[in-house]
Q: 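The structure's right below; bear with me while I get my questions together.
These numbers come from the heavy atoms of this one structure, side chains and all, not from hydrogens, waters or symmetry mates.
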Amino acid sequence: MAIGSGFFGFRREKPPALVPFAEAKPRSFGGLLCDGVVVLNPGSFAALLDVQARLQAERPDMRVLLTLNDRAQAEYTSGHAVDSHDLDVMAGEEFADRPPEFAVRLANLRAKAEGVAVPRGVLDWETSGDDNDPVTINRDPEAALRIDREKDSLAQFVPVNEAADALAAMPNGYFASDLDPMQSLALARHLETEYGLGLFGIGASVLGFRRAAVMDGAVAARLARDVADFYAGTPVGAAEALTALLTGRDWLLLRYTES
């Protein structure tokens with residue numbers, strides 16, 4: 001897998017320290033159902049990509065899922081999304097009066113996502129003053145993810161084969177104007193099937209995807225047209241601008257929230 005593709009001239013820095021959950025399990029609003037490590041002071045998006053690739057290579061039978069922007073907010077809204085969609089409730093239960101289980105959450109997410117179409121036109125291309133359109137966030141992921149503000153990132157080792165299913169480790173999309181967890185799963189499945197882009201991260205507003213090889217111009221152009229179709233109000237020339245950014249890269253960031 002190409003590491004940090006698209007970061008030409010990037011200066012290599014000291015790799016972030018990794019602290020296993022077994023040594024110091026992080027406190028999380030919704031609770032963590034998978035093992036993993038805390039990535040301390042990631043420093044840059046390229047460093048996060050390096051860490052994710054290394055951890056993934058060491059665990060071919062699992063999927064490594066990172067937290068991206070605003071970990072605390074991502075965990076908070078994830079906890080509420082799980083509750084509001086009853087993702088931890090087993091059939092026949094009125095509520096989950098027991099510790100949550102990953103297998104139950106994954107099964108519920110899959111079941112609720114049956115028949116859910118790839119979301120198209122649900123979100124606006126951008127919201128005024130937020131610099132959150134796909135071209136902007138993929139041009140400058142450091143600013144979009146506010147990496148300099150992140151003290152750490154969680155890397156969960158999710159026991160699934162398909163990258164899209166790793167979403168069950170931190171399902172998100174709590175507000176009515178966001179993609180809900182089932183829509184995000186449909187989107188992740190689509191990108192994995194059509195482009196080999198597997199889900200590798202989720203933040204408070206952004207989903208991260210990457211593939212085994214960098215995209216050539218043809219793949220980038222097809223993907224860019226697809227991304228342009230995901231959002232409403234896509235401006236003229238946006239797909240071409242996105243194509244230029246994605247060519248030669250192995251990753252994609254997409255906003256799944258209203259703003």
Side-chain angles (χ1 to χ4, degrees), residues 1-11 42 44-53 56-57 63-66 68-69 118-127 130-147 153 162-164 166-167 179 183-203 205-257 259:
M1 178 173 290
I3 306 303
S5 301
F7 290 96
F8 300 108
F10 174 71
R11 179 176 59 84
S44 70
F45 182 58
L48 273 181
L49 289 177
D50 282 344
V51 167
Q52 193 274 340
Q56 184 63 73
R63 291 291 178 167
V64 176
L65 184 73
L66 298 178
L68 297 176
N69 66 310
V118 176
R120 298 185 184 276
V122 175
L123 301 174
D124 288 334
W125 176 259
E126 62 181 335
T127 54
D130 290 329
D131 293 328
N132 59 6
D133 65 274
V135 171
T136 299
I137 65 175
N138 284 282
R139 178 184 293 126
D140 190 354
E142 304 284 340
L145 301 178
R146 298 179 177 179
I147 294 292
S153 173
E162 304 299 324
L167 185 71
L179 299 188
Q183 291 172 312
S184 289
L185 180 61
L187 174 60
R189 285 172 169 171
H190 173 74
L191 293 174
E192 190 168 4
T193 299
E194 294 296 320
Y195 306 98
L197 282 161
L199 182 71
F200 81 87
I202 182 168
S205 61
V206 174
L207 298 171
F209 303 89
R210 69 186 314 187
R211 69 200 300 264
V214 299
M215 290 175 269
D216 61 23
V219 172
R222 185 164 63 93
L223 174 60
R225 290 192 296 269
D226 213 355
V227 170
D229 195 41
F230 292 154
Y231 296 90
T234 301
V236 174
E240 291 75 12
L242 192 56
T243 297
L245 288 173
L246 296 179
T247 301
R249 284 187 178 175
D250 64 1
W251 55 269
L252 169 73
L253 298 177
L254 291 178
R255 190 184 83 252
Y256 70 92
T257 59
S259 60

Q: Any idea which heavy atoms bring Ala166 and Leu65 closest together, and the distance?
A: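 Smallest heavy-atom distance, with atoms named: O-CD2, 3.4 Å.
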Q: Between Leu199 and Leu191, is a side-chain contact (heavy atoms from CB on, under 4.5 Å) present by the stated rule, with each step listed?
A: CA-CA 9 Å; Leu199 182 71; Leu191 293 174; over 6 Å; no
Q: Verify the neighbour count for atom CZ of Arg120: are there more than 12 heavy atoms of other residues, nucleotides or ligands below 6.0 Å?
A: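 It does: Arg120 CZ has more than 12 such atoms within range.
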Q: Kindly say whether Thr243 contributes a backbone atom to a donor-acceptor pair with the side chain of Thr247 at under 3.5 angstrom?
A: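 At least one qualifying donor-acceptor pair exists.
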Q: Measuring from Phe209:CZ to Leu197:CG, what's the distance to the nearest 0.5 Å?
A: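 One gets 8.0 Å once the value is rounded to the nearest 0.5 Å.
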Q: Out of curiosity, Leu245 CG to Asp140 CG, how far, rounded to the nearest 0.5 Å?
A: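 So the CG of Leu245 and the CG of Asp140 are separated by 10.5 Å.
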Q: Side chains of Leu187 and Gln183, heavy atoms from C-beta outward: is any pair under 4.5 Å?
A: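 With C-beta onward as the side chain, the pair stays apart.
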Q: Show every donor-acceptor pair shorter than 3.5 Å between a side-chain atom in residues 232-240 and any protein atom, with sequence neighbours excluded, or say none if there are none.
A:
residue : atom : partner : partner atom : Å
Thr234  : OG1  : Ala228  : O            : 2.7
Thr234  : OG1  : Tyr231  : O            : 3.3

Q: How about Leu252 and Val227: do any of their side-chain heavy atoms sit closer than 4.5 Å?
A: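 In contact.
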Q: Within the side chain of Arg189, is there an N or O that forms a donor-acceptor pair under 3.5 Å with the backbone of Ala164?
A: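 Answer holds: no.
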Q: Do Phe230 and Pro119 make a side-chain contact, defined as non-hydrogen atoms from C-beta onward lying under 4.5 Å apart?
A: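 No, their side chains stay 4.5 Å or more apart.
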Q: I want to check something: taking the side chain as every heavy atom from C-beta on, are Leu145 and Leu48 in contact at a cut-off of under 4.5 Å?
A: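 Side-chain contact under 4.5 Å: no.
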Q: Is there a side-chain contact between Phe200 and Leu68, using heavy atoms and a 4.5 Å cut-off?
A: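 With C-beta onward as the side chain, the pair touches.
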Q: Report the C-alpha distance between Val122 and Tyr256 in whole Å, list the side-chain angles of each, state the deciding distance to 0.1 Å, and finish with yes or no for side-chain contact (heavy atoms from CB on, under 4.5 Å).
A: CA-CA 10 Å; Val122 175; Tyr256 70 92; over 6 Å; no
Q: Using modelled atom types only, decide if a donor and an acceptor are shared between the side chain of Asp124 and the backbone of Thr127 within a distance under 3.5 Å.
A: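 Pair absent, no side-chain N/O of Asp124 close to backbone of Thr127.
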Q: Check Ala47 against Ser44 and note the closest heavy-atom contact, atom names and distance.
A: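 Where Ala47 meets Ser44 most closely, the heavy atoms are N-OG, 3.0 Å.
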Q: Taking C-beta and beyond as the side chain, do Phe45 and Leu253 meet within less than 4.5 Å on heavy atoms?
A: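 Yes; the side chains approach each other to less than 4.5 Å.
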Q: For the CG atom of Leu246 and the CG atom of Asn138, what is their distance to the nearest 0.5 Å?
A: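 Atom-to-atom, Leu246:CG and Asn138:CG are 6.0 Å apart.
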Q: Answer yes or no: is there a side-chain heavy-atom contact under 4.5 Å between Leu207 and Ser184?
A: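 Result yes, sub-4.5 Å side-chain heavy-atom pair found.
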Q: Rounded to the nearest 0.5 Å, what's the gap from CD on Glu126 to CG on Asp131? Could you check?
A: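 Interatomic distance, Glu126 CD to Asp131 CG, rounded to 0.5 Å: 8.0 Å.
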Q: Name each donor-acceptor pair under 3.5 Å that joins a side chain in residues 213-222 to protein atoms two or more places apart or in another chain, with its distance.
A:
residue : atom : partner : partner atom : Å
Asp216  : OD1  : Ala218  : N            : 3.2
Asp216  : OD1  : Val219  : N            : 2.8
Arg222  : NH2  : Glu194  : O            : 3.3

Q: To the closest 0.5 Å, what do you measure between CZ (Arg255) and CD1 (Ile137)?
A: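 Going from the CZ atom of Arg255 to the CD1 atom of Ile137 covers 7.5 Å.
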Q: Measuring from atom CD of Gln52 to atom CH2 of Trp251, what distance do you get when rounded to the nearest 0.5 angstrom?
A: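 The CD atom of Gln52 sits 13.5 Å away from the CH2 atom of Trp251.
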